[in-house]
Participant: 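Sending over a structure as structure tokens; questions will come in a sec.
Per chain, numbering begins at 1; letters A, B, ... match sequence-line order. Computed from heavy atoms alone, side chains included, the values below leave out hydrogens, waters and symmetry copies.
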Number of protein chains: 2
Amino acid sequence: MEEQRMSISDLQESEREEPQEREQGQVSEAEAHGYDVSKYERPSVTVDVVMMSLRQKDLQVLLVKRRAWPHEGMWAIPGGFVNMDESLEDAAKRELWEETQVENVYLEQLYTFGDPGRDPRTRVITVVYFALLDSERLQVKAASDAVDVDWFPVYDLPPLAFDHKKILEYTLNRLRGKLDYTTIAFNLLPEQFTLRELQRVYEMILHKRIDKRNFRKKVLSTGILEDTGAKKMEGTHRPARLYRFNPAAEHEL
Amino acid sequence: MEEQRMSISDLQESEREEPQEREQGQVSEAEAHGYDVSKYERPSVTVDVVMMSLRQKDLQVLLVKRRAWPHEGMWAIPGGFVNMDESLEDAAKRELWEETQVENVYLEQLYTFGDPGRDPRTRVITVVYFALLDSERLQVKAASDAVDVDWFPVYDLPPLAFDHKKILEYTLNRLRGKLDYTTIAFNLLPEQFTLRELQRVYEMILHKRIDKRNFRKKVLSTGILEDTGAKKMEGTHRPARLYRFNPAAEHEL
DNA sequence: TTAATAGTGTCTGTGAGACACTATAGT
DNA sequence: ACTATAGTGTCTCACAGACACTATTAA
């Protein structure tokens, strides 16, 4: 929540209102930092996007380093203002594109945070989305990012701005809850994958070991996987079958 | 979503901004109705509350009749603007109080709708909550409401304004999903209730018959119910035990 | 042949769901 | 005694989870 990666000039640029009468409360700290709160009489609406992906055999989340007060220098979930002529989801897609240059990924609205005082500058109402990107498409872009954008393992995070730690925990719980009655996990994998890779995704999200035989038995029995016939050879051992997700079988896992 | 029960004068009253440059798109129809869109350059943020309760052995939802364009005369989910100094949840509680004079009920954030053009007047971003009220406390107030506020059975609704029908379906699905792993259903019952009454709640929400023996077996085995010792006598038949919810047993159903 | 991962089947316990009769109150 | 609802037990089937060995490849 809150807008991140926005210097004061960024905010001014996107501000189209005239200054108005002051709003009472939680103004002093903002003013002390030279922030003109009076311009934000009405709540600002922003969209934050929790982007998760598999990188280096790890479940990781994309964060941006804040360049301005408050929480300057801390890492935060990327987000920005919602334009007047775009839907909330479009704003989330735009944010996704700006950070990763990736499109057509799994995107879901999570929760809306809007307590007064959560952002010391002004009243900000933030709609949080979360996105799951498959590692393959993402790797094209890889390390071309600026230094203030980076991926972090979800179980090994730096200190986060605002209450973004709470939001990430909320996200993980949502993901876990959906894991066994939806096909949400497939969004983290490329088109073809081995059962072992799928199992790793489940293990990382649930953050616990799963029995190999039981997992295979269960997944294959649902019929949502299709054997591609191809095999994945890597290393000095027996190659693994490659499967693909079969959307025709719209069963729930 | 969208603000309801607000005449044009209501909107003007709650409007504190100066007129600004016009916003492009979806303006003409609003202007034709004498609605000054230019005042709403930035999105308005409202909170709508889906209030459900058990009335006359029926699962019902509270609706208000719109008194102004658009959708004048149609029924809608009650809602209103979020004040600058109140949280989203506080706004929902306020709305709840205004409509039912009830406090301390189950309240949960559902989803946020914000497509441009959903409200022909201006861009409105609406955070939807839903509330479950127990019938006993509610009955005190009963029929003292104005004619433009009423309760409707959720499976027998009048035509609804905006896309409120979709929202109610969404609400019901959320309720159903939570039914078997939370204790959410107890919020619709008074402090003491019979197993039959509890079963009726489940049947109404799931909209299907449940086997009596299996239901009792399952519910009692969780240990979340406490026998009050009292019995409910009504009619010419064997009286039923009265139970109460035991919050100490924080198991999930 | 070794190293490293892929791939496979059985047993047991638990829970869901189908199903029908007895108990107890008012009249 | 009759009527109307409360209250109770068994069986079957499906699924979850524990558990250990064989198969196949590259080096």
Participant: Does a distance-only test, which skips hydrogens and angles, find a donor-acceptor pair under 3.5 Å between the side chain of Thr236(A) and the base of dA26(D)?
Facilitator: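 Flag set: donor-acceptor pair detected.
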
Participant: Check the distance between dA27(D)'s P and His237(A)'s NE2 and give it to me in whole angstrom.
Facilitator: 11 Å

Participant: Grab the CZ-C1' distance between Arg238(B) and dT5(D) for me, whole Å please.
Facilitator: 9 Å

Participant: Identify whether the distance between the nearest side-chain nitrogen and carboxylate oxygen of Asp134(B) and Arg137(B) falls below 4.0 Å.
Facilitator: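 Salt bridge between Asp134(B) and Arg137(B), a charged N being under 4.0 Å from a carboxylate O: yes.
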
Participant: Whole Å only: how far is the OH atom of Tyr181(A) from the C1' atom of dC15(D)?
Facilitator: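 After rounding, the gap between these two atoms is 20 Å.
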
Participant: Separation of Lys231(A) atom NZ from dT5(C) atom P, in whole Å?
Facilitator: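 Checked: the NZ to P distance equals 17 Å.
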
Participant: Is there a donor in the side chain of Thr46(A) and an acceptor in the side chain of Thr126(A), or the other way round, less than 3.5 Å apart?
Facilitator: yes

Participant: I need a per-nucleotide contact map over nucleotides 8-17 of chain C, read 5' to 3'. Cutoff is protein heavy atoms under 4.0 Å; write B for the base, S for backbone only, - otherwise.
Facilitator: BBB-----SB

Participant: Between P on dT5(C) and CD on Gln199(A), what's the gap in Å once rounded to a whole number?
Facilitator: 14 Å

Participant: Between Arg94(B) and Glu86(B), does any NZ, NE, NH1 or NH2 come within less than 4.0 Å of an OD or OE carboxylate oxygen?
Facilitator: yes

Participant: Among Gln192(A), Arg196(A), Glu197(A), Arg241(A), whose side chain to side chain contact (heavy atoms under 4.5 Å, CB included) with Lys232(A) holds?
Facilitator: Glu197(A)

Participant: Thinking salt bridges, do Glu203(B) and Arg209(B) make one under a 4.0 Å N-O criterion?
Facilitator: yes

Participant: Figure out the NZ/P separation between Lys232(A) and dT25(D), and round it to whole Å.
Facilitator: 17 Å

Participant: Measure from CZ on Phe215(A) to C1' on dA16(D) and round the result to the nearest Å.
Facilitator: 14 Å

Participant: Would you state whether a donor and an acceptor, one from the side chain of Arg196(B) and one from the base of dA6(D), lie under 3.5 Å apart?
Facilitator: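 Between dA6(D) and Arg196(B), which were checked side chain against base, a qualifying N/O pair under 3.5 Å is absent.
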
Participant: Round to a whole Å and report the spacing from CE of Met233(B) to C1' of dT24(C).
Facilitator: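 Distance check: Met233(B) CE to dT24(C) C1' gives 10 Å.
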
Participant: Can you check whether Phe193(B) and Phe186(B) have ring centres sitting under 6.0 Å from each other?
Facilitator: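 Ring centres of Phe186(B) and Phe193(B) closer than 6.0 Å.
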
